[in-house]
Colleague: 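This is the structure, below, for whatever I ask next.
Numbered from 1 within each chain, the chains take letters A, B, ... in sequence-line order.
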There are 2 protein chains.
Amino acid sequence: MGGTVSVEAAAPSRPMRADARRNYEAIVRVAGEAFAEHGTHASLDDIACRAGVGPGTLYRHFPNRDCLLEAALVESRYKLQELGARLLEADDAGAALDEWMLALARHANTWDGLADSIAQSLSNEKSPLGASCGTLVDATARLLEQARHQGAVTADVTARDLFVMSGSLAWAADRAARGSGEDELPRLLALLMRGIR
Amino acid sequence: MGGTVSVEAAAPSRPMRADARRNYEAIVRVAGEAFAEHGTHASLDDIACRAGVGPGTLYRHFPNRDCLLEAALVESRYKLQELGARLLEADDAGAALDEWMLALARHANTWDGLADSIAQSLSNEKSPLGASCGTLVDATARLLEQARHQGAVTADVTARDLFVMSGSLAWAADRAARGSGEDELPRLLALLMRGIR
DNA sequence: ACCTGAACACCGTTCAAGT
DNA sequence: ACCTGAACACCGTTCAAGT
C-alpha cells in the first residue's frame with residue numbers, strides 16, 4: 001500500500017547489473033511505443049532492434065509477449081488500483097461500479113488488441129499478465145459486493161463476468177466507430193449496465 | 001429469394017476451367033477445416049498445401065484472407081439469412097430480436113477469432129466479408145424496426161450497434177469460461193438485452 | 001552474469017516459368 | 001487461362017560464442 005510503484009519494481013530478483021537494467025528499461029519504454037503504434041502484436045524483433053539490443057536479450061528479460069505487455073502496463077495498472085481503492089469509499093456504490101467499469105474498459109483500450117490479450121491471459125496459469133489482472137478482478141469483486149449491499153445491483157453476475165464484459169465493451173467501442181472517432185464507451189456501457197440493475 | 005445458394009455461387013465470373021473449379025472447392029473445404037482447428041489466423045500456406053495446390057493458386061482465387069473467410073462462410077450465412085426472414089414474421093418481435101442476436105453471436109463463434117475478423121471487415125470498404133455482413137446488418141435493422149414498432153425496444157440503439165454487440169457477446173462468451181465449457185451465450189445475452197428494453 | 005547475433009523453422013506474398 | 005514453386009522479406013525463438 002502507498003508509496004510509488006516504478007517500472008523497476010517489476011524487474012526480476014534483486015541485484016541487476018547496470019547494463020542489464022539499462023537494457024531492461026529501454027526495452028520496456030520502446031515496447032510501449034511500439035504497442036501504441038502497432039497494437040499488442042507489434043514485432044518483438046523490431047522492439048529489440050529499436051531498443052538497441054539483440055533479440056536474445058529481449059527474450060532473456062521477457063520470455064514471452066505477455067511478460068513484456070505486463071511490464072509495459074505496470075504504471076497504468078497501478079493508477080487503476082488507486083482508483084479502485086478510492087471508489088471503494090464512494091457514497092453511491094452503483095455509480096462507483098459504473099465508473100470502475102469505464103476505467104477498466106479504457107485501460108483495455110490502451111493499445112489495439114489489448115482487451116484480447118488480457119482476456120486470453122486470464123485463463124492462462126503461467127501468464128504474469130493474467131496474474132496481475134487477477135488483482136483487478138479482485139477489486140471488481142469488492143466494488144460489486146458493495147453495490148449489491150446497497151441494492152444497486154441485483155442481477156446474477158460475477159466479478160469475473162463484469163471484468164470480461166469491460167473487455168468486451170472495449171472491444172465493441174473500438175469497432176462501433178460511427179463515422180467520426182467519437183468515444184462510444186459511455187453510451188455502450190450505459191446500455192450494458194441497465195441490464196444488471 | 002428462395003432457391004439454393006451453393007458454394008459455387010461465390011465463384012468469380014462465369015465459366016471456370018474444370019481444374020480451376022476443383023482447386024477452388026478443395027481450398028474452400030480445407031480452409032473450413034483449418035479455421036475450425038486453428039482459428040481464423042490459420043496458415044494460408046498450410047491450407048494451400050493440404051488442398052494440394054501451390055500458394056500462388058490460393059492467392060489467385062482469394063487475394064486476401066477475408067476473401068477466403070467469406071467463401072468458407074457462404075452456406076452458414078445463407079442459413080442465417082433464412083432464419084432472419086422467418087423471424088421477421090414472428091408474433092413477438094422482442095423475442096425474435098433476442099433469437100436473432102443469439103444466432104448472430106453463434107455465427108461469429110463458428111471459429112476462434114471470427115468475431116474479430118467480421119467486426120474489422122465491417123469498416124473495410126474492399127472486404128467481401130464486410131460486404132456480405134452488411135446484409136446481416138440490414139436484416140438486423142428490419143428486426144429492430146419491428147421490435148420498436150411493438151414497443152419491445154425503446155433504447156437509443158442502431159442496427160449497427162446491435163450487430164457489433166452480438167460480436168462482442170461472442171467475444172465475451174468465449175472468454176468467460178467458468179471452468180466447464182458451458183455455453184455462456186444465453187446468460188450474457190440476457191444481461192445485455194435487459195439494457196435495451 | 002549477461003549480451004550478441006547467427007541460425008532455424010516458419011509465415012504471407014509475388015512472379016517468372018511452365019502447361 | 002491457369003497452375004507451379006522458387007524467391008523474397010519477414011517473423012518468433014533458440015543457442016553457441018563471446019565479454
Colleague: Side-chain N or O of A/Ser43 versus OP1/OP2 of D/dG12: is the shortest distance under 4.0 Å?
Modeller: yes
Colleague: Can you tell whether the side chains of A/Lys126 and A/Asp66 come within less than 4.0 Å, N to carboxylate O?
Modeller: no
Colleague: To the nearest Å, give me how far apart CD1 (B/Ile27) and P (C/dG12) are.
Modeller: 14 Å
Colleague: Should A/Glu82 and A/Arg86 count as an ion pair when the cut-off is N to O under 4.0 Å?
Modeller: no
Colleague: How do A/Ala42 and A/Gly56 order along DNA chain D: which one's closest nucleotide is nearer the 5' end?
Modeller: A/Ala42
Colleague: As an exercise, state the distance from CG of B/Asp45 to CG of B/Leu58, rounded to the nearest 0.5 Å.
Modeller: 8.5 Å
Colleague: Flag the pair B/Glu25 and B/Arg21 as a salt bridge only when some basic side-chain nitrogen lies within less than 4.0 angstrom of an acidic carboxylate oxygen.
Modeller: yes
Colleague: Without decimals, in angstroms, what is the distance between A/Asp45 CG and D/dA9 P?
Modeller: 16 Å
Colleague: In terms of side-chain heavy atoms of A/Tyr59, which of C/dT13, D/dT13, D/dT4 is nearest?
Modeller: D/dT13
Colleague: Which nucleotide in the list C/dC3, D/dC3, C/dG12 gets nearest to the side chain of A/Thr57?
Modeller: C/dC3
Colleague: Hey, what do you get for OG1 (B/Thr135) to CD (B/Gln81), rounding to the nearest 0.5 Å?
Modeller: 4.0 Å
Colleague: Of the candidate nucleotides D/dC2, C/dT14, D/dT4, which contains the atom at the shortest distance from the side chain of B/Ala20?
Modeller: D/dC2
Colleague: Check every atom of C/dG5, C/dT13, C/dC3 against the side chain of A/Pro55 and return the nucleotide holding the closest atom.
Modeller: C/dG5
Colleague: Would you kindly give the CZ-to-P distance between B/Arg21 and D/dC3, to the nearest whole Å?
Modeller: 12 Å
Colleague: May I have the distance from B/Leu44 (atom CG) to C/dC11 (atom P), rounded to whole angstrom?
Modeller: 10 Å
Colleague: Please give, in whole Å, the distance from D/dT13 P to A/Leu68 CG?
Modeller: 11 Å
Colleague: Under 4.0 Å from OP1 or OP2 of C/dG12: is there any side-chain N or O of B/His41 that close?
Modeller: no
Colleague: Could you let me know what C/dC3 is paired to, Watson-Crick or G-U wobble, both distances under 3.5 Å, or none if it's on its own?
Modeller: none
Colleague: Could you check which of D/dT14, D/dT4, C/dT4 has an atom nearest any side-chain atom of B/Val53?
Modeller: D/dT4
Colleague: Using purine N1 to pyrimidine N3 plus N6-O4 or O6-N4 for Watson-Crick, or N1-O2 and O6-N3 for G-U wobble, each under 3.5 Å, what pairs with C/dG12?
Modeller: D/dC8
Colleague: Roughly how many Å is it from NE2 in A/His38 to C1' in D/dC10, rounded to a whole number?
Modeller: 14 Å
Colleague: With both distances under 3.5 Å as the test, what is the Watson-Crick or G-U wobble partner of C/dA17?
Modeller: none
Colleague: Over how many whole Å does the gap from B/Asp46 atom CG to C/dT13 atom P extend?
Modeller: 15 Å
Colleague: Taking atom C1' of C/dC3 as reference, at what distance in whole Å does atom CG of A/Leu58 sit?
Modeller: 13 Å
Colleague: Below the 4.0 Å mark, does D/dC3 have OP1 or OP2 next to a side-chain nitrogen or oxygen of B/Asn23?
Modeller: yes
